[in-house]
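Following: one structure in structure tokens, then a few remarks.
When a ligand or atom number is given, it counts from 1 through the structure's own listing order.
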Amino acid sequence: MSKITDIDLGGWEMVIGLEVHAQVSSASKLFSGASAAFGGKPNNHVSIVDAAMPGMLPILNEAALRCAVQTGLALKAKINTYSVFARKNYFYADLPQGYQISQYEFPIVGEGTIEITLDDGSTRTIGIERLHLEQDAGKSMHDQHPQYSFIDLNRSGVPLMEIVSKPDVRSAFEATAYVRKLANILDYIGACDVNMSQGSLRTDINLSLRRPGAEFGTRTETKNLNSLKAIRQAIEVEAWRQKVVLESGGTIDQETRLFDPVKFETRSLRSKEDAHDYRYFPDPDLLPVVISEDWIAKIQSSLPELPDQKIARFQQEFGLSAYDADVLVADQAAANFFEVVCASTTPKIAANWVIVELFGRLNKTDLSISDSPVSAQGLAELLALLEKDTISGRTAKDVLDTMFSTGKSATEIVKKQGLEQVSDTSAIGAIIDEVIASNPGQVQQFRDGNERLLGWFVGQVMRQSGGKANPSIVNQLLKQNL
Ligand code: ADP
Ligand code: MG
């Protein structure tokens with residue numbers, strides 16, 4: 001939760017609604033058995049349905065439907081037992097059917113909510129308008145040949161969930177917090193791999209400005225943002241553009257825009273269609289989808305622990321702060337890692353070492369927690385040595401560095417390098433005697449009342465012990481002997 005300062009719009013308030021397209025984690029497409037995997041040789045994941053051969057018949061993928069219901073339940077949303085697939089008609093080269101099969105009047109999921117955490121630690125509820133299932137389109141490639149454009153239909157028919165928020169979002173910070181939380185929830189239930197850079201989670205931003213308390217203004221829609229950074233930048237750039245237009249007496253056109261991260265501007269793509277431009281009508285090739293309350297209840301009872309529940313449990317069970325719990329839960333792999341470490345360590349210490357020491361080293365080496373060279377058991381072993389006072393905190397950090405670079409275990413490194421902390425009073429006493437004997441001047445000054453020299457003596461003894469003496473014992477013995 002790094003601090004993001006929202007731009008000052010001089011009295012204008014942003015009104016934002018987000019449409020997120022999340023690719024459903026499913027082996028096959030929404031209405032065919034072709035592979036829905038990312039990549040692949042162009043046009044190799046295409047069935048006659050995805051290529052829209054005349055007479056083809058779509059068949060609904062039950063796994064995709066189940067994912068949509070799961071997601072709806074995780075968003076505390078109303079699940080509709082009756083929903084309808086509709087044709088959204090438009091022409092585009094990468095849309096061979098001439099229409100997209102989507103849901104319009106009767107989506108599978110109705111109203112729900114997402115809780116976001118604000119900068120000051122408080123929470124806000126953002127309303128969900130609906131969630132519906134739809135097919136993705138193919139891809140036009142304009143950079144393969146000087147004269148021709150090519151079409152790759154591998155994505156054609158890939159199942160997407162479109163999750164539409166209410167216009168409840170009021171800042172770029174809230175927008176990124178919303179998308180992060182939504183991605184977090186989708187990751188926990190396994191409904192989407194939430195890989196934004198591969199296009200598994202794409203966000204459209206609907207944004208308008210108003211004076212606080214006034215009616216909503218006209219909105220623009222900025223399409224297809226692929227990272228949290230792009231979402232934040234596009235919002236700030238578009239809000240600023242609208243402010244300038246409005247303050248110079250102009251009006252905002254309802255239109256679809258594109259964000260250019262290089263020129264740092266949004267550009268008009270097309271004036272916004274209204275729903276009637278698409279001539280929506282129920283797809284006659286598909287029956288209405290009727291699901292039972294029983295099936296919904298079964299899916300509900302099989303939902304895993306969700307992020308908000310885990311945050312609450314980490315605070316109650318382990319006594320973590322809201323901040324620590326939030327940071328750990330924001331990454332499912334990190335939360336699981338922490339729980340393993342925690343099983344054999346004091347939770348507060350485990351949280352600290354995972355968040356500060358482990359995350360710090362992972363960030364530096366640009367690794368995710370799933371690629372961590374130190375396993376959860378490995379870190380737990382290191383922290384056990386620390387808690388038993390076998391090694392000092394300082395040494396433990398060095399050992400973690402070595403574990404990171406060599407993959408060796410903490411016990412092995414400590415043994416091999418002889419790093420065990422010395423708590424044996426006679427061994428420490430011997431070093432102290434030596435330091436006192438060879439520094440008579442400093443001893444005299446200390447005895448004359450310069451107590452600040454104690455720190456200097458501690459440093460001498462620690463150095464002579466190779467950093468291995470237990471500092472609290474050194475302190476205690478030095479005071480006695482001086
Ligand atoms: P469309 O079908 O044209 O995309 P919707 O009614 O589904 O329109 O709304 C799309 C998104 O726009 C929703 O997320 C909604 O919250 C948001 N929205 C609606 N009105 C406004 C507005 N005046 N300013 C900002 N966002 C808005
Ligand atoms: Mg829309």
Side-chain angles (χ1 to χ4, degrees), residues 6 9 12-22 71-72 75 77 80 83-90 99-114 116 124-134 137 160-179 181-182 201-225 231-232 234-243 245-246 251-259 266 268-281:
D6 285 307
L9 288 171
W12 294 99
E13 180 182 51
M14 292 188 206
V15 174
I16 299 170
L18 299 160
E19 295 170 82
V20 173
H21 290 89
T71 306
L75 301 176
N80 295 319
S83 64
V84 173
F85 282 101
R87 291 186 180 179
K88 181 180 183 181
N89 298 281
Y90 63 95
Y99 56 85
Q100 177 192 31
I101 306 178
S102 181
Q103 296 187 305
Y104 180 55
E105 286 171 283
F106 301 100
I108 179 73
V109 177
E111 294 185 331
T113 54
I114 288 188
I116 58 169
R124 253 205 90 196
T125 303
I126 305 296
I128 303 287
E129 181 71 46
R130 57 189 266 148
L131 176 158
H132 64 253
L133 279 167
E134 63 185 28
L160 302 178
M161 293 184 280
E162 178 171 334
I163 302 153
V164 183
S165 87
K166 302 207 175 221
D168 289 347
V169 175
R170 290 290 173 271
S171 68
F173 180 88
E174 289 185 10
T176 51
Y178 170 89
V179 174
K181 188 61 173 282
L182 176 57
L201 198 89
R202 311 189 298 253
T203 302
D204 302 342
I205 298 160
N206 295 272
L207 186 151
S208 61
L209 297 185
R210 67 166 176 179
R211 294 296 181 187
E215 301 273 289
F216 286 168
T218 304
R219 72 181 192 271
T220 61
E221 181 174 7
T222 305
K223 302 285 285 183
N224 266 332
L225 297 151
I231 291 170
R232 178 164 51 82
I235 288 175
E236 297 191 339
V237 164
E238 175 59 12
W240 196 261
R241 186 192 70 85
Q242 291 190 15
K243 165 189 155 79
V245 171
L246 292 170
T251 51
I252 301 299
D253 297 326
Q254 183 170 327
E255 61 185 1
T256 302
R257 302 181 68 87
L258 275 188
F259 173 59
T266 64
S268 179
L269 187 68
R270 53 175 188 258
S271 70
K272 172 86 181 153
E273 314 73 4
D274 283 316
H276 62 251
D277 294 325
Y278 291 116
R279 303 291 191 277
Y280 278 101
F281 64 87

Regarding Arg210 and the six-membered ring of Trp12, is the cationic atom NZ or CZ under 6.0 Å from the ring centre and inside 45° of its axis? no
With heavy atoms and a 4.0 Å threshold, my read on which part of Val164 contacts ligand 1 is side chain
In ligand 1, the atoms that come under 4.0 Å of a heavy atom of Gly217 are 23 (N)
A student checking ligand 1 against Lys166 at a 4.0 Å heavy-atom cut-off should list atoms 16 (O)
(request) Go through the side-chain N and O atoms of Arg279 and Asn89 and say whether any donor and acceptor fall under 3.5 Å apart. (result) no
For Leu18, the atoms of ligand 1 under 4.0 Å from one of its heavy atoms are 14 (O)
Inset, instruction - Give me the ring orientation class for Tyr278 and Tyr90: parallel if the planes are under 30° apart, tilted from 30 to 60°, perpendicular past 60°. - result: perpendicular
Are the charged groups of Glu221 and Arg219 less than 4.0 angstrom apart, N to O? no
If we number the atoms of ligand 1 from 1 as shown, the ones under 4.0 Å from a heavy atom of Ser208 are 22 (C), 23 (N), 24 (N), 25 (C)
So the atoms of ligand 1 within less than 4.0 Å of a heavy atom of Val15 turn out to be 24 (N), 25 (C)
_Phe216 N/O to ligand 1 N/O under 3.5 Å_ = no
Closest to atom 5 (P) of ligand 1 (heavy atoms only, candidates Gln254, Glu221, Arg219, Glu129) is Arg219
Here the atoms of ligand 1 under 4.0 Å from any heavy atom belonging to Pro167 are 16 (O), 27 (C)
At under 4.0 Å between heavy atoms, what of Thr218 touches ligand 1? The answer is neither
In short, Gln103 meets Val84 closest at the heavy-atom pair CG-O, 3.4 Å
Short version for Glu19: what comes under 4.0 Å of ligand 1, heavy atoms counted, is side chain
Taken to the nearest 0.5 Å, the spacing of Arg202 CZ from Glu162 CD works out to 10.5 Å
Please tell me whether Thr222 and Glu238 have a donor and an acceptor in their side chains that are separated by less than 3.5 angstrom. no
Tested for side chain to side chain donor-acceptor pair (under 3.5 Å) against Thr220, the lone hit among Gln242, Gln254, Arg257, Glu255 is Gln242
Counting from 1 in the order shown, the ligand 1 atoms closer than 4.0 Å to a non-hydrogen atom of Gly17 are 14 (O), 16 (O), 17 (C), 26 (N)
